[in-house]
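Data first, discussion second: the structure below is written as structure tokens.
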Amino acid sequence: MRIARSHAACGRQPHGFTLVELLVVIAIIGTLVGLLLPAVQAARESARRSMCSNNLKQLGLALHHHHDAMQVFPRGNKCTTSALPPVSPSPGDPTATREPWTIAILPYAENAALYNRFDFNQAFSSAVDQSNQETTLPITNPNPAAQNTMNPLFNCPSDPGVPAAPNKNNYFGVMGGVSASGQGAAWVNGNACCRYEIYNNGILFLNSVTGIKNITDGTSKTFLVGETIYQYLPKTLYGWGQGARTNSTGFVYLQNVAATKNQINSKPQLEAAGTHPHLIWQTTFSSSHPGGTQFLTADGGVSFVLENINLSIYQQMGVINDGSPVGADGR
């Protein structure tokens, strides 16, 4: 006959974890989470960087399809005047402004429906909020509304600023750089309130008509589009679809293009040196990816360029014909 014995009969009492044991377990779990979190964050950033690279590849395909159709890449910024600076006739901004490269490639990037909303015989807005322009385009002009349509193709998923400014563009065309001989900007606005530089020795610049035949330094060694998080966004003024600011006073600048002048990701140093925001925006490529930024080269390839790349080599890769071909890795 089996005799049932209780814990009490055996002199044992059930008990839970002691406070010390709980603290040890919590400490172990915290340590494991601390070790795992960087790996998770790195994996997420790797996925975001891959998505960003894919965006650049899609832009590259669209740009090359445009080239196949037109025998040239689109104009970086299109204006009714090619003068430097590109000043509008009175009454001012943006009567001389037409579509930037980001709109010209839409039919080649599976965005034909959006492209067809534009009237290319009318002016284009140079600001998301037209009240910030000196001339508000007529309500009958469909371009401002179409320009303000969100387009995720131009958003890098790593940029934390995109949710607050969904029209933001993270991919700027390369309008030029500093050549091996030291040639840089074609025009400099020295006004202390709004410094700006315009380059025309790259692929996508003011009224550019650049074909592959013009890229004598080699398509694999010349930047076509670069990544940026520095688009100037006071009150979210500017976005992926905005054209050049071309007012009649000479307070002008191009949109959605930049030059390879300053070191990648160097905004903090430039701000500390007193560089104007407009100049940082238009002469400095950048990203939220640790250690550098991604560039699309003219052959359609995408490369991650380290922020500590030799500055002269980097500057020359924005130029199409300075006779100093180098690779994206500096060779």
Side-chain angles (χ1 to χ4, degrees), residues 73-104 120 122-137 143-144 147 169 172-179 182-210 226 228 230-234 237-262 270 274-285 315 318-320:
F73 290 111
R75 296 171 176 86
N77 277 236
K78 184 178 179 181
C79 297
T80 58
T81 173
S82 293
L84 291 177
V87 175
S88 284
S90 182
D93 183 32
T95 54
T97 300
R98 296 297 184 268
E99 74 276 10
W101 72 272
T102 50
I103 290 175
F120 294 93
Q122 296 196 58
F124 279 67
S125 171
S126 66
V128 170
D129 178 1
Q130 281 201 84
S131 67
N132 285 280
Q133 299 179 159
E134 292 160 9
T135 301
T136 299
L137 297 179
N143 295 334
Q147 287 175 274
N169 183 12
F172 276 20
V174 180
M175 60 174 164
V178 181
S179 71
Q183 176 195 356
W187 178 77
V188 177
N189 180 356
N191 191 318
C193 77
C194 47
R195 286 292 308 278
Y196 186 72
E197 296 180 359
I198 292 177
Y199 291 68
N200 61 7
N201 56 1
I203 299 176
L204 301 174
F205 54 88
L206 175 65
N207 289 330
S208 56
V209 284
T210 310
T228 184
Y230 291 164
Q231 187 172 42
Y232 194 46
L233 295 171
L237 283 181
Y238 310 116
W240 72 271
Q242 269 55 56
R245 185 177 176 97
T246 59
N247 69 29
S248 57
T249 66
F251 175 48
V252 302
Y253 40 80
L254 306 186
Q255 301 271 27
N256 295 309
V257 293
T260 55
K261 176 185 178 182
N262 300 315
L270 294 169
T275 305
H276 192 277
H278 285 170
L279 200 55
I280 296 174
W281 165 35
Q282 296 297 333
T283 56
T284 317
F285 287 93
Q315 290 173 333
V319 183
I320 63 173

Testing the basics here: between [X] and [Y], what is the closest heavy-atom pair and its distance to 0.1 Å?
X	Y	value
Thr81	Ala96	CG2-CB, 4.3 Å
Thr135	Pro91	OG1-O, 3.5 Å
Tyr199	Ala259	CD1-CB, 3.5 Å
Tyr196	His278	CD1-O, 4.3 Å
Thr260	Gln315	OG1-O, 2.9 Å
Thr246	Pro86	CB-O, 3.1 Å

Look at the side chain of [X] and the backbone N and O of [Y], then say whether any donor-acceptor pair between them is shorter than 3.5 Å.
X	Y	result
Ser208	Thr210	no
Thr102	Trp240	yes
Gln255	Ser126	yes
Thr97	Ala244	yes

Could you tell me which residues satisfy side-chain hydrogen bond (donor to acceptor under 3.5 Å, both in side chains) with [X], sequence neighbours excluded, listed by chain and number?
X	answer
Glu99	none
Asn256	Asn169, Gln231
Asn207	Ser82

By side-chain contact (heavy atoms from CB on, under 4.5 Å), which residues pair with [X], not counting sequence neighbours?
X	result
Gln122	Asp119, Asn141, Pro142, Asn143
Thr136	Gln130
Thr284	Tyr230, Asn262, Ser266, Leu270, Ile280

Would you give the length of the straight line joining atom [atom1] of [X] to atom [atom2] of [Y], rounded to the nearest 0.5 angstrom?
X	Y	atom1	atom2	value
Leu254	Ile198	CG	CD1	4.5 Å
Leu279	Tyr232	CG	OH	12.0 Å
Cys79	Arg245	SG	CZ	13.0 Å
Tyr238	Trp281	OH	CH2	5.0 Å
Trp101	Phe172	CH2	CZ	9.5 Å
Met175	Asn201	CE	CG	9.5 Å

Problem - 4.5 Å side-chain heavy-atom contact, Val252 and Trp187 - result: yes

Practice task
Check whether any side-chain heavy atom of Gln147 lies under 4.5 Å from a side-chain heavy atom of Gln242, and answer yes or no.
Solution key: yes

Exercise for the section: I would like to know whether Ile203 and Ile320 meet side-chain contact (heavy atoms from CB on, under 4.5 Å); could you show each step before the answer? Expected result: CA-CA 7 Å; Ile203 299 176; Ile320 63 173; 3.5 Å; yes

